[in-house]
Each structure stands twice: as C-alpha cells, then as structure tokens.
Amino acid sequence: MANAMLHQTVGTLQLSNSGIQCKVGSNSVRLLPKGFKVEVGFSKKRTYSSGERKFSVIQASASQTSVVDPVLSPSNSSTHESRKKSNEAALILIRHGESLWNEKNLFTGCVDVPLTKKGVEEAIEAGKRISNIPVDMIYTSALIRAQMTAMLAMTQHRRKKVPIVMHNESEQARAWSQIYSEDTIKQSIPVIAAWQLNERMYGELQGLNKQETADRYGKEKVQEWRRSYDIPPPNGESLEMCAQRAVAYFKDNIEPQLLSGKNVMIAAHGNSLRSIIMYLDKLTSQEVISLELSTGIPMLYIFKEGKFIRRGSPVSPTEAGVYAYTRRLAQYRQKLDEMLH
C-alpha cells in the first residue's frame with residue numbers, strides 16, 4: 001500500500017519485451033511487466049544512447065517498504081546482508097488504551113470511539129516500555145483508538161522517528177502525500193491502517209450497556225456471545241469470523257515484512273489481537289477464548305527462522321529484562337545509548 005521510493009542520482013533503464021532492466025552502479029534489477037507499475041522521473045539533462053536512458057528517480061508502487069534504520073545495520077555492510085545474517089525481527093502487539101466507551105461499559109465493536117485521558121496515559125506508558133525496541137513499520141486498525149495508541153506510543157521511542165500514515169485510498173491521495181526528501185524518509189516510520197485489524201463487530205450489541213444487556217438477555221447468553229469462539233451476537237461477528245480476516249491480513253501483509261527483516265508494531269484490539277496470538281502461539285479455539293489482553297500493555301515476539309517466539313509482556317517501564325532481550329535487541333539498545341549520549 002505504501003509507495004516504495006528509491007532515489008538514485010545516476011543509473012540506466014533498459015526496456016525490452018522481457019521486462020525492464022534497472023542498473024545502478026554494480027546493482028541490477030529486472031522488473032517483470034505483469035502487474036508492476038514504474039514511474040520514471042527524468043532530469044532536465046536527458047541522455048540517450050542506443051536504447052538506454054539515464055534516469056534520476058524511480059517510484060515503484062507495487063510493494064511496501066521503509067528505509068532501514070542505520071542503528072540496526074553494522075557499518076560497511078549492505079542492508080540485505082546485515083538483515084540476512086541477523087535473520088531476526090521484532091513483533092510488538094499493543095491493545096489500544098481505554099476508550100470512552102470502555103469507560104462507560106458499553107459494547108464498542110467497530111464504532112469509532114477515541115481514548116479517554118486514562119487511555120492516553122496508557123498509550124504513553126506503553127511507548128515507554130517499547131522505547132528501546134526497533135520499529136520499522138506500524139500497522140493499526142482503521143479505528144481512531146488504535147491509531148491514537150500507536151502515535152502516542154511512538155512519541156516515547158528513543159529513536160525519535162516520526163510515524164506517518166500512508167494514504168492509499170486513491171491515486172491523488174498517494175501523490176499528495178508523497179515525501180521528496182530522502183533524509184526525511186529515513187527519519188519516518190510508515191503507518192498502515194487496515195480495517196481487517198478492526199475490533200470484532202458486535203452487531204446489535206454495539207452501543208448497549210453491558211450490564212443492561214446481561215439483565216435483558218441473561219448473563220449466560222451475553223457471556224456466550226462475548227466469549228464463545230463460533231457464536232456471533234445478533235447480526236455481528238463471532239471470534240472465529242474476526243480471526244478469519246485478521247489472520248489472513250497478517251499472513252498476507254505483515255508476515256512478509258517480518259520475513260524481510262523489518263521490525264513491526266501492531267496497535268489493534270482485544271479480539272483482533274487474540275486472533276493473531278492464536279495463530280502465533282498455535283492456540284486451540286478453547287484456549288483462545290480464555291485469553292485476556294490488558295489495554296496499553298505491549299507484548300513482544302521474536303520472529304526467527306520462520307518461528308514466532310514470545311518474549312513476554314513488561315511489568316515495568318524501567319525493567320530492562322522484562323522482555324528477555326535477544327542479543328540483537330541488546331545491541332540495538334546499546335547503539336541507541338551511544339548515539340543519544
């Protein structure tokens with residue numbers, strides 16, 4: 001969804017029936033013609049020579065990307081090689097802070113409700129707890145309470161990168177939100193909002209008081225709607241239905257980023273995150289219904305060699321060992337200390 005952006009001052013572009021050959025220095029990339037869009041911006045000084053054209057900027061809109069944080073990369077080695085050697089990526093999961101309807105004990109579901117003052121404080125506290133963990137990309141739901149949580153959390157990160165929401169709803173939105181400074185891109189983190197990560201849709205329960213609903217329909221029936229795996233509330237989603245969309249999105253969009261070595265944070269909701277944790281921890285449908293997630297408490301996973309390893313949830317923002325840091329995360333923290341002092 002996010003425009004990938006590659007800036008090069010000198011290179012060649014060769015067009016042929018088999019595709020497009022891009023050359024920059026000693027590097028060469030072939031782009032196949034099917035389903036791939038390439039926009040070439042030529043400089044005023046155009047050079048032509050037997051089928052080759054000099055170019056200055058390429059913008060490829062076929063995939064998402066972000067600039068690799070130099071703190072993560074050893075000096076004098078390529079990004080690809082350093083990622084390949086580390087073969088490890090961090091995945092942070094955060095349930096949004098308390099919302100105004102959480103406070104009022106109302107069923108919220110997919111209604112777009114903001115955070116309370118307490119929720120804002122929870123998001124900031126969550127940010128302190130992950131302030132030493134690298135973040136290259138952020139995914140949130142389409143709902144404001146999750147987006148607020150992500151943005152507020154990143155204000156506490158020691159790397160001080162700026163989270164920027166990617167707008168891909170139209171060609172014009174993409175064009176108008178384009179960044180043209182490579183230095184600015186390096187200090188930014190793309191934020192992808194996806195409805196698939198939304199909270200479970202509670203149907204006709206949305207906006208109802210939870211206690212009044214229990215009094216009306218019976219405590220057992222409401223508990224069945226809230227905590228069963230495959231029984232939806234009236235005209236709403238079951239946890240199973242929520243899991244189908246959330247896990248499919250995770251597999252198709254987020255897992256490939258982790259495979260490429262990017263560190264990802266997801267700010268979402270109780271049921272969409274429970275669904276993802278069910279997939280990560282290989283929980284059964286009976287195990288996941290008893291899983292409780294506190295608002296504003298980050299969970300850390302390490303993705304290594306195709307496996308997800310849970311490193312725990314923090315109990316204190318100042319405790320360095322709460323996440324059982326891997327060697328790579330410890331090195332990242334050390335480099336942050338060196339850079340900021």
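Treat the numbers as computed from the prediction; the structure is a model and nothing was measured. Below, each value reflects all heavy atoms present in this structure, side chains not excepted, and no hydrogens, waters or symmetry copies.
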Pairing residues for Tyr217 by the ring pair (Phe, Tyr, Trp, His ring centres under 6.0 Å) criterion, not counting sequence neighbours:
Trp225
Taking every heavy atom of Pro298 against every heavy atom of Arg129, the minimum-distance pair comes out as CD-CD, 4.0 Å
To check you understand the geometry: which heavy-atom pair defines the closest contact between Leu152 and Thr155, and what is its length?
O-OG1, 2.5 Å
same_hphob_cluster(Leu106, Leu115) at 4.5 Å side-chain heavy-atom cutoff:
no
Can Val264 be reached from Leu197 by stepping across I, L, V, M, F, W or Y side chains whose heavy atoms are under 4.5 Å apart?
yes
According to a 4.5 Å side-chain heavy-atom criterion applied to Ile, Leu, Val, Met, Phe, Trp and Tyr, with indirect links allowed, do Ile94 and Ile144 form part of one hydrophobic cluster?
no
Verify the cluster assignment for Leu91 and Met278: are they in a single hydrophobic cluster under the rule of side-chain heavy atoms below 4.5 Å apart?
yes
Between the side chain of Asn263 and the main-chain N/O of Asp136, is any donor-acceptor distance below 3.5 Å?
no
Would Glu338 and Lys335 pass as an ion pair if we require N to O under 4.0 Å?
no
Scanning both residues in full, the closest heavy-atom pair of Pro232 with Ser238 reads CB-N, 3.5 Å
Is there a donor-acceptor contact under 3.5 Å from the side chain of Asn132 to the main chain of Arg158?
no
Rounded to the nearest 0.5 angstrom, the CG-CD1 distance for Leu280 and Ile309 is 11.5 Å
Go through the steps to decide whether Gln257 and Asn253 satisfy the test side-chain contact (heavy atoms from CB on, under 4.5 Å), and finish with yes or no.
CA-CA 7 Å; Gln257 300 296 340; Asn253 296 275; over 6 Å; no
Output for pair (Asn209 CG, Trp101 CH2), nearest 0.5 Å, gives 11.5 Å
Check whether Ile133 and Ile189 end up in the same hydrophobic cluster, where Ile, Leu, Val, Met, Phe, Trp and Tyr are linked by side-chain heavy atoms less than 4.5 Å apart.
yes
Check the pair Ile164 / Met166 against side-chain contact (heavy atoms from CB on, under 4.5 Å), numbers first and verdict last.
CA-CA 6 Å; Ile164 296 178; Met166 298 291 103; 3.8 Å; yes
If the condition is side chain to side chain donor-acceptor pair (under 3.5 Å), which residues does Glu292 pass it with, not counting sequence neighbours?
Arg227
Contacts of type side chain to side chain contact (heavy atoms under 4.5 Å, CB included), residue Ser228, not counting sequence neighbours:
Glu224, Ile231
Partner residues of Val165 under the side chain to side chain contact (heavy atoms under 4.5 Å, CB included) criterion, sequence neighbours left out
Met151, His167, Val191
Distance (rounded to the nearest 0.5 Å) between Ser275 OG and His269 NE2:
11.5 Å
Is the backbone N or O of Glu88 less than 3.5 Å from a side-chain atom of Arg328, with the two atoms forming a donor-acceptor pair by type?
yes
How far apart are the C-alpha atoms of Met137 and Ile192, what are their side-chain angles, what is the distance that settles it, and do they pass the side-chain contact (heavy atoms from CB on, under 4.5 Å) test?
CA-CA 8 Å; Met137 296 192 72; Ile192 313 297; 4.2 Å; yes
Considering only residues two or more places apart or on different chains, which pairs with a residue in residues 278-291 satisfy salt bridge (charged side-chain N to carboxylate O under 4.0 Å, His left out)?
Asp281-Arg310
Do we see a donor-acceptor contact under 3.5 Å between the side chains of Asp215 and Gln211?
yes
Would a distance-only check, ignoring hydrogens and angles, find a side-chain to backbone donor-acceptor pair under 3.5 Å from His157 to Arg159?
yes
For Thr295, enumerate each residue passing the side chain to side chain donor-acceptor pair (under 3.5 Å) test, keeping only those at least two apart in sequence or located in another chain.
Glu122
Check the angle between the aromatic planes of Phe308 and Tyr301 and answer parallel, tilted or perpendicular using the 30° and 60° thresholds.
perpendicular
Looking only at heavy atoms, which two atoms of Ala173 and Ser177 are closest? And how far apart?
O-OG, 2.8 Å
Does the side chain of Leu329 reach to within under 4.5 Å of the side chain of Ile302, using non-hydrogen atoms?
yes
Tell me whether Gln206 contacts the main-chain N or O of Tyr202 through its side chain, where contact means a donor paired with an acceptor under 3.5 Å.
yes
With a 4.5 Å limit on heavy-atom distance, are the side chains of Phe303 and Ile254 in contact?
no
Partner set under side chain to side chain contact (heavy atoms under 4.5 Å, CB included) for Gln196, not counting sequence neighbours:
Ala194, Tyr249
Close side-chain approach of Pro190 to Ile138, heavy-atom, < 4.5 Å:
no
The criterion is side chain to side chain donor-acceptor pair (under 3.5 Å); which residues satisfy it with Glu237, sequence neighbours excluded?
Arg245
Residues 192-214 vs salt bridge (charged side-chain N to carboxylate O under 4.0 Å, His left out), sequence neighbours excluded, gives none
For Thr184, enumerate each residue passing the side chain to side chain donor-acceptor pair (under 3.5 Å) test, keeping only those at least two apart in sequence or located in another chain.
Ser181
Taken to the nearest 0.5 Å, the spacing of Ile277 CD1 from Leu93 CG works out to 5.5 Å
When you compare the side chain of Glu255 with that of Phe250, does any pair of heavy atoms fall below 4.5 Å?
yes
Once you round to the nearest 0.5 Å, how far does CG of Leu273 lie from NE2 of His96?
8.5 Å
Using atom types as modelled and distance alone, determine if a side-chain donor or acceptor of Thr116 lies under 3.5 Å from a backbone N or O of Glu98.
yes
Go through the steps to decide whether Glu171 and Arg174 satisfy the test salt bridge (Lys or Arg N to Asp or Glu O under 4.0 Å), and finish with yes or no.
CA-CA 5 Å; Glu171 197 68 40; Arg174 282 190 289 272; 2.9 Å; yes
Hey, what do you get for CD1 (Ile185) to NZ (Lys161), rounding to the nearest 0.5 Å?
11.5 Å
For Arg216, which residues count as a side chain to side chain contact (heavy atoms under 4.5 Å, CB included) partner, sequence neighbours excluded?
none
Is Ser99 reaching over with its side chain to a backbone N or O of Asn102, donor-acceptor style, under 3.5 angstrom?
yes
What's the shortest heavy-atom distance between Ala90 and Leu300, and which atoms?
CB-CD1, 4.1 Å
Please, which pairs that meet salt bridge (charged side-chain N to carboxylate O under 4.0 Å, His left out) have at least one residue in residues 144-156, sequence neighbours excluded?
none
Glu169, CD atom: more than 12 neighbouring heavy atoms under 6.0 Å
yes
Grab the two heavy atoms, one from Arg274 and one from Val288, that are nearest each other, plus how far apart they are.
NH2-O, 3.1 Å
Polar side-chain atom of Ser272 near backbone of Ala246 as donor-acceptor pair, under 3.5 Å
no
